[in-house]
2 protein chains.
Amino acid sequence: MPEAQYPEIRTLALFSGMTDAHFEALMRGAYVQNFPPQIDLISEGEPSDFLHVVLSGSIDLYSEWNGRETSMATVLPISTFILAATVRNAPYLMSARTLEKSRIVLIPSQDVRAIFDVDGNFARAIVGELGQCYRAVIKAQKDLKLRSSLERLANYLLRQQKRAGGAADFDLMFEKRRLASVLGMTPENLSRAFKGLQPYGVAVNGTHISIRDQQDLERFARPNPLIDDHAI
Amino acid sequence: MPEAQYPEIRTLALFSGMTDAHFEALMRGAYVQNFPPQIDLISEGEPSDFLHVVLSGSIDLYSEWNGRETSMATVLPISTFILAATVRNAPYLMSARTLEKSRIVLIPSQDVRAIFDVDGNFARAIVGELGQCYRAVIKAQKDLKLRSSLERLANYLLRQQKRAGGAADFDLMFEKRRLASVLGMTPENLSRAFKGLQPYGVAVNGTHISIRDQQDLERFARPNPLIDDHAI
DNA sequence: GCCGCGCCTTGACAATTATCAAGCGCCTTC
DNA sequence: GAAGGCGCTTGATAATTGTCAAGGCGCGGC
């Protein structure tokens, strides 16, 4: 892998604490690849051969069972995915596909495990990352089990609004079909859910969202940091 | 904490790889406590002051939002809980209560973090544990998003059967009200779901389950290792 | 034994969510 | 500019799941 790419990867919390020697050992076996949109990168059930790092673009993590499919999460630059499968040397639990043209670093899993075995700082960084991932899934599960689809959508919009800077107007980051799957509903139901939020001052125009009455929407959504705050 | 308790804790994968000195440093600040049933040990939102280890009994991890409550998981001896909150020094995302009379070790979180900072083997053990926890929640989420309540119950029964030794007859491990909450449904709906599995050869008598036609139930449940196998 | 309590079940009904089938609108392509 | 494709929306309908109220059953206490 070309050294020019190193800096942006090195700045990741996961890699910033390790020694130069270990980092370079990791990068030696790694390579960067560009993928077009809608390309399957990994399939659930396969052995975890590579740790992936998204440099640009975006990735959909999804799962299938019995002919059904659901989006589990979206990975945005710059971050890694399938870390847990790599460190446990276990099969992937989710599949991954590019949503758009994406630039991905592939680091052989055995190299990650080898460095992990000898570099305490790397192990500690992985703990930080895994702990965050774990807590993110717990939050998602609380969202799913404790809220109706209308409440999930309302809180999703409030989270997106905050991510987009907090203004009353912002744009959805991906297509509604996928949003529906992430929120655990059908596209039809999402359409109706948007209508169901109109009384609370939510206006939708394509991917553009306007929150006319912040107070009103929040009164309905009842956002909770232990579910919605991704920083803690 | 009395040294007599050390061995059973020491055998946990989490603690078995660390040096004696570090282990004893951890145990110095720890103490064991007995709790009666139905006692709240921690509440979501509180700072994570202690890492907990269940020596005997059982613990319900649950969450609340907007007046609703759901069971997230059950912790059985001997294992730890709220490890992620401890290592990230973040507030608990779930509450915990004893289901029965339970014996719990409380290890000050700051001690855990201090040893974690200096003991690479401990850090690696935590990675193993967190990775497993993460993957368990991902499986639970796939179960929730991809299956109907009837399918979740059918697969739950097959998992329990395997845990109980694989015989056609076995007993549920906790009361149906809680099972319903774990499976993400109401008690009434669980009752009907049991009836709905009768055509597939499932007989229920109180907490006792008989699987009359293994093939038939499996054909309906379609268990999948990437959701149902807790070992991988 | 009998009572009372808690849990589970059942039935009737309501709300939520999914499915199926059009139809609309926008964008691309030719 | 017309045609076609694709994603989104809408309506009608069905399936799933939840709610409320009542009743049964078992178990411990008196």
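Throughout, a chain's letter reflects where its sequence line sits, starting with A, and its residues are numbered from 1. Hydrogens, waters and symmetry mates play no part in the numbers below; they use all other heavy atoms, side chains included.
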Return the minimal non-hydrogen interatomic distance between A:Ser63 and B:Lys142, and the atom names on each side.
->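 What the structure gives for the nearest pair is OG-CE, 3.2 Å.
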
Which pair of heavy atoms, one from B:Arg147 and one from B:Arg222, lies closest together, and at what distance?
->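 Closest approach of B:Arg147 to B:Arg222, heavy atoms only: NH2-O, 3.8 Å.
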
Exceeds 12 heavy-atom contacts within 6.0 angstrom, atom CZ of B:Arg68 |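 Yes.
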
For B:Thr80 and B:Glu129, test the side chains for any donor-to-acceptor distance below 3.5 angstrom and give the result as yes or no.
->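 Yes, a side-chain donor-acceptor pair sits under 3.5 Å.
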
Any side-chain donor near an acceptor of the partner, B:Gln161 and B:Gln214, under 3.5 Å =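 B:Gln214 and B:Gln161 do have a side-chain donor-acceptor pair below 3.5 Å.
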
Going 5' to 3' along DNA chain D, which nucleotides are the first and last within contact of chain B (any atom under 4.0 Å from a heavy atom)?
->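 On DNA chain D, the outermost contacted nucleotides are D:dT17 to D:dC20.
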
Might you work through the side chain to side chain contact (heavy atoms under 4.5 Å, CB included) test for A:Val53 and A:Ile107, ending with a clear yes or no?
-> CA-CA 8 Å; A:Val53 183; A:Ile107 308 174; 4.1 Å; yes

Quick one: does B:Ser79's side chain have a donor or acceptor within less than 3.5 Å of a partner on B:Val75's backbone?
->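 Not at all, since once roles are kept as given, no pair shorter than 3.5 Å links the two residues.
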
On DNA chain C, which is the earliest and which the latest nucleotide, 5' to 3', with an atom closer than 4.0 Å to a heavy atom of chain B?
->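 Nucleotide range in contact with chain B: C:dC7 to C:dA12.
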
Keeping to residues at least two apart or across chains, list the ring pair (Phe, Tyr, Trp, His ring centres under 6.0 Å) pairs with something in residues 142-197 of chain A.
->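 Qualifying pairs, neighbours excluded: none.
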
Checking all strands, does A:Glu188 fall into the base, sugar-phosphate, or nothing category for heavy-atom contacts under 4.0 angstrom?
->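 Base contact.
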
With nearest nucleotides of DNA chain C determined for B:Leu190 and A:Leu150 from heavy-atom distances, which residue corresponds to the more 5′ nucleotide?
->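 Upstream on the strand: B:Leu190.
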
